Amino acid sequence: MRTTHIAAALALAAVVAMAAPVRAQGPARLVHIDLPTAGQRLVLKETIRGYAGVDYAFDGRAGRRVQVILRSRNRSAYFNVLREGHDEALFIGSMGGERFTMTVPADGAYRIQVYLMRNAARRGEQAPFELQLR
């Protein structure tokens, strides 16, 4: 009976961990951006190092379509997309890949977190990257 409870607790912990954005803990630099107009793109080129990621904050308008693409040679570089004030991420890059397209669900503040996974951050790796928004 005790083994069943432990297995259930571990399964629940795994589900909770998968629902939360995965990001190495550390200081993130915050940059406010404006989304490009229709038919245009915004290209951001930077380098992150260790636990220090960068967050791009923008105001989203309901119904607007936004595509985010991350390119980096470091395979441990990812991005998450979050809606401010909500616990659940709209996109978790470590599970979804390097490209995400969404229709903005509601007017409000959104954030794109670019970061290194904990294993790479712990080693002090760096990741030059290009983030495209269309």
Side-chain angles (χ1 to χ4, degrees):
M1 181 66 93
R2 182 177 168 98
T3 305
T4 304
H5 291 330
I6 292 171
L10 290 173
L12 179 61
V15 169
V16 170
M18 287 176 50
V22 178
R23 178 182 180 161
Q25 295 299 313
R29 190 169 47 84
L30 180 62
V31 177
H32 292 276
I33 60 171
D34 292 320
L35 291 177
T37 58
Q40 302 293 313
R41 71 180 180 154
L42 173 64
V43 178
L44 304 161
K45 294 182 181 184
E46 295 200 45
T47 298
I48 53 175
R49 288 179 179 82
Y51 290 98
V54 61
D55 288 2
Y56 297 102
F58 64 92
D59 291 323
R61 294 223 170 290
R64 175 131 189 232
R65 193 168 164 85
V66 178
Q67 182 181 49
V68 182
I69 302 168
L70 177 69
R71 291 194 172 101
S72 177
R73 289 186 181 153
N74 188 320
R75 291 180 176 231
S76 292
Y78 291 101
F79 73 95
N80 298 332
V81 178
L82 307 164
R83 183 173 167 201
E84 296 292 332
H86 291 76
D87 293 334
E88 193 171 309
L90 297 170
F91 178 76
I92 300 173
S94 61
M95 293 172 29
E98 63 186 24
R99 181 180 303 253
F100 175 63
T101 302
M102 74 170 177
T103 300
V104 177
D107 289 355
Y110 292 81
R111 189 175 293 223
I112 301 168
Q113 301 174 326
V114 181
Y115 63 96
L116 282 170
M117 291 295 285
R118 191 171 287 117
N119 63 331
R122 186 176 36 247
R123 290 190 299 266
E125 290 183 19
Q126 68 177 10
F129 69 88
E130 177 181 285
L131 189 72
Q132 291 184 21
L133 289 96
R134 298 176 186 194

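What you see below is based on every heavy atom in this structure, not just the backbone, and it leaves out hydrogens, waters and symmetry mates. Since the structure is predicted, the reported quantities are computational estimates derived from the model, not experimental observations.
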List the atom pairs, with distances to 0.1 Å, where a side-chain N or O of residues 61-68 and a protein N or O form a donor-acceptor pair under 3.5 Å, not counting sequence neighbours.
{"residue": "Arg64", "atom": "NH2", "partner": "Pro36", "partner atom": "O", "Å": "2.0"}

inquiry  = Check for me, please, whether Tyr56 and Phe58 land in the same ILVMFWY cluster - side-chain distances under 4.5 Å, paths through other members count.
reply    = yes
Partner set under side-chain contact (heavy atoms from CB on, under 4.5 Å) for Pro105, not counting sequence neighbours = Arg83, Tyr110
key: Hphob cluster co-occupancy, Val31 + Leu35, side-chain heavy atoms under 4.5 angstrom   = yes
request  = Can you measure from CD (Gln126) to CG (Leu116) and round to the nearest 0.5 angstrom?
outcome  = 9.5 Å
ask   = Taking only residues two or more places apart in sequence, or in another chain, which ones meet Phe129 in a ring-ring contact (aromatic ring centres under 6.0 Å, His included)?
value = none
ask   = By ring-ring contact (aromatic ring centres under 6.0 Å, His included), which residues pair with Phe79, not counting sequence neighbours?
value = Phe91
query = Looking at side-chain heavy atoms only, is the closest gap between Phe100 and Glu98 below 4.5 Å?
reply = no
inquiry  = Listing request: all salt bridge (Lys or Arg N to Asp or Glu O under 4.0 Å) pairs with a residue in residues 120-130, at least two apart in sequence or in separate chains.
reply    = Lys45-Glu130, Arg71-Glu130, Arg123-Glu125
note = dist Ile112:CD1 -> Leu90:CG (nearest 0.5 Å) comes out at 10.5 Å
request  = Just do the side-chain contact (heavy atoms from CB on, under 4.5 Å) check on Gln113 and Tyr78 with the steps written out, would you?
outcome  = CA-CA 8 Å; Gln113 301 174 326; Tyr78 291 101; over 6 Å; no
key: Residue pairs involving residues 34-43 (criterion side chain to side chain donor-acceptor pair (under 3.5 Å); sequence neighbours excluded)   = Arg41-Gln132
Met102-Leu44 co-clustered via ILVMFWY side chain contacts under 4.5 Å = yes
ask   = Is there a side-chain contact between Leu133 and Ile33, using heavy atoms and a 4.5 Å cut-off?
value = yes
message = Could you report the tightest heavy-atom contact between Asn80 and Ile92, atom names first, then the distance?
response = OD1-CA, 3.4 Å
Distance (rounded to the nearest 0.5 Å) between Glu84 CD and Asp59 CG = 10.0 Å
note = In terms of heavy-atom contacts, Gly53 and Ile48 come closest through CA-CG2, 3.9 Å
query = For Pro128 and Ser72, which heavy atoms make the closest approach, and how far apart are they?
reply = O-OG, 2.9 Å
